[in-house]
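Everything on this sheet refers to the single structure shown next.
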2 protein chains.
Amino acid sequence: MNDQLSSKEPSAAQTLPETGSQEAVNKRQAQIVKKASRLFIKKGYAQTTMRDISKATGINLGNLYNYISSKEDILCLAFETYHDPAIAWLERKGVLTIEDPKEQLQTALHQMLVMTHDAMNDILMMYRETRVLPPKFLKIVLKKESDLVDFFEKIIARGVEKKAFHVRDPYFAANMLVFQLSLYPLRSWNLKRYSREDFLTLTEETILKAIIPDCA
Amino acid sequence: MNDQLSSKEPSAAQTLPETGSQEAVNKRQAQIVKKASRLFIKKGYAQTTMRDISKATGINLGNLYNYISSKEDILCLAFETYHDPAIAWLERKGVLTIEDPKEQLQTALHQMLVMTHDAMNDILMMYRETRVLPPKFLKIVLKKESDLVDFFEKIIARGVEKKAFHVRDPYFAANMLVFQLSLYPLRSWNLKRYSREDFLTLTEETILKAIIPDCA
DNA sequence: TCCGGAATAAAACATACGTCTGTTTAACAT
DNA sequence: ATGTTAAACAGACGTATGTTTTATTCCGGA
């Protein structure tokens with residue numbers, strides 16, 4: 001009846017009715033998460049009701065629970081959906097094999113900026129709703145973010161060794177850089193005057209200036 | 001620039017019972033806001049109940065409504081309490097009269113960084129709960145933030161004119177700078193390794209490097 | 001044609017919430 | 001003592017919520 005005491009698995013391992021084809025269930029899940037995310041973005045997680053989600057997806061309220069195990073679970077799935085592609089890109093593409101540190105940093109930074117910009121609403125939502133995540137899942141999310149910082153730290157540290165960059169503390173610089181990626185998601189209300197391209201260029205330029213000595 | 005920043009009563013707090021000593025009421029209000037803010041920080045606004053606030057303040061649930069007009073009102077008051085001092089400092093102190101652009105920027109930046117650092121929990125809370133603000137009050141808050149950006153834009157623009165700074169777009173630089181002030185509030189979970197002083201120095205250094213040419 | 005699993009609609013359920021009301025207590029001037 | 005007034009209190013009200021359940025409909029395949 002009320003199994004609140006049973007440990008809540010993070011969404012990935014969430015146990016569901018498990019009937020029929022897992023394929024169709026996953027598809028339905030994705031549909032729910034996508035629609036629900038729009039609502040979370042527009043109204044906030046707490047202010048979005050399961051009835052809202054039912055209406056938005058066109059899936060009956062009771063039927064929703066055949067695909068997700070709880071409202072909280074939808075949020076976890078949303079974090080997964082929009083957080084993973086970034087790190088995935090950095091690994092899939094051969095960023096790590098670029099020899100020139102400056103070019104390597106520019107390539108990684110540019111791609112991250114573009115992705116961040118295009119997913120601005122989702123990122124803003126994540127910043128706002130992080131608190132709602134169950135502790136176990138929160139840990140996973142922070143770990144992923146921390147990995148991203150480590151990724152940039154390595155690039156920067158190598159550039160410093162090769163005298164291509166000039167920063168006193170690569171770990172700090174990486175933290176600042178990753179944080180700066182969120183400038184637009186968190187402050188777009190004050191940056192409307194810039195076109196997408198202008199903004200990306202300006203941001204890239206500003207971030208790099210703090211890392212690459214520009215006196216040459 | 002900041003014309004009506006010292007508006008006191010007619011903020012967003014709605015009209016209250018308006019009893020006898022407004023003095024005691026304000027004191028009580030401050031007490032409520034302070035305690036409630038701690039709860040909002042710890043559990044989030046939506047997850048904090050008026051009963052929680054009653055328990056934390058020791059003020060009876062029903063009696064709370066003699067001092068605040070709604071739960072939402074408490075949040076508005078919290079924003080006011082922690083948002084105003086920053087702008088106030090910049091105006092009170094004679095930052096605007098400092099002649100040397102570099103010294104002027106350093107002074108303002110340092111103070112803002114210290115204040116941001118010390119109010120990190122409140123700032124994190126504000127980033128997260130902005131959505132809950134009633135539209136009318138949200139507008140006021142964004143205006144204040146925008147004013148802060150304008151403040152730094154003017155400093156930067158003057159430094160550019162005097163060839164002391166090197167930035168392509170002062171408005172963008174100011175936006176980035178103000179955003180960077182929130183690095184610690186938003187990312188402290190990944191920056192625990194730094195002492196307060198080390199962190200402040202590093203941040204100041206990094207922010208300035210993007211504005212002041214360091215080839216000298 | 002009929003069966004069985006899925007979807008739907010509607011309601012129920014238990015709880016939690018913000019807010020308000022009616023009453024009591026305490027302080028204090030008269 | 002007494003009367004007045006503001007503060008404190010417990011409890012209730014109505015609504016909204018996440019979740020579950022029940023009764024009914026739909027539809028493809030035997």
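A note on names: the letters A, B, ... follow the listed sequences, proteins ahead of strands, and every chain is numbered from 1. Both backbone and side-chain heavy atoms feed into the values below; hydrogens, waters and symmetry mates do not. None of these values were measured; they are calculated from a predicted model.
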Query raised in the report: What is the distance, rounded to the nearest whole Å, between atom OH of Tyr67(B) and atom C1' of dG18(C)?
Result: 19 Å

Query raised in the report: Whole Å only: how far is the CG atom of Leu64(A) from the C1' atom of dT8(C)?
Result: 12 Å

Query raised in the report: Is the shortest side-chain N to carboxylate O distance from Arg196(B) to Asp118(B) below 4.0 Å?
Result: yes

Query raised in the report: Can you find a donor-acceptor N/O pair under 3.5 angstrom joining the side chain of Asn60(A) to the base of dA7(C)?
Result: no

Query raised in the report: Heavy atom of residues 40-53 of chain A under 4.0 Å from DNA chain D: which residues?
Result: Thr48(A), Thr49(A), Met50(A), Arg51(A)

Report task. Measure up the Phe199(A) and Tyr194(A) rings against each other and bin them: parallel (under 30°), tilted (30 to 60°), perpendicular (over 60°). Result -> tilted

**Report entry** Sequence-distant partners of Phe179(B), ring-ring contact (aromatic ring centres under 6.0 Å, His included), two or more places apart
**Finding:** Phe179(A)

Query raised in the report: What integer distance in Å separates Glu72(B):CD from dT19(C):C1'?
Result: 14 Å

Report summary line: Assert: residue with more 5' nearest nucleotide on DNA chain D, out of Lys71(A) and Leu61(B), is Leu61(B)

Query raised in the report: Would you say dC20(C) has OP1 or OP2 under 4.0 Å from some side-chain N or O of Tyr65(B)?
Result: no

Query raised in the report: Can Lys143(A) and Asp147(A) be counted as an ion pair, charged N to O under 4.0 angstrom?
Result: yes

Query raised in the report: Atom CG of Asn63(B) to atom P of dG18(C): distance rounded to whole Å?
Result: 17 Å

**Report entry** Partner set under side chain to side chain contact (heavy atoms under 4.5 Å, CB included) for Met112(B), not counting sequence neighbours
**Finding:** Ala86(B), Trp89(B), Leu90(B), Met115(B), Leu148(B), Phe152(B), Leu181(B)

Query raised in the report: Per the side chain to side chain donor-acceptor pair (under 3.5 Å) rule, which among Asp52(A), Thr48(A), Thr49(A) passes with Lys43(A)?
Result: Asp52(A)

Query - Value in whole Å for how far the P atom of dA7(D) lies from CD of Gln29(B) - result: 13 Å

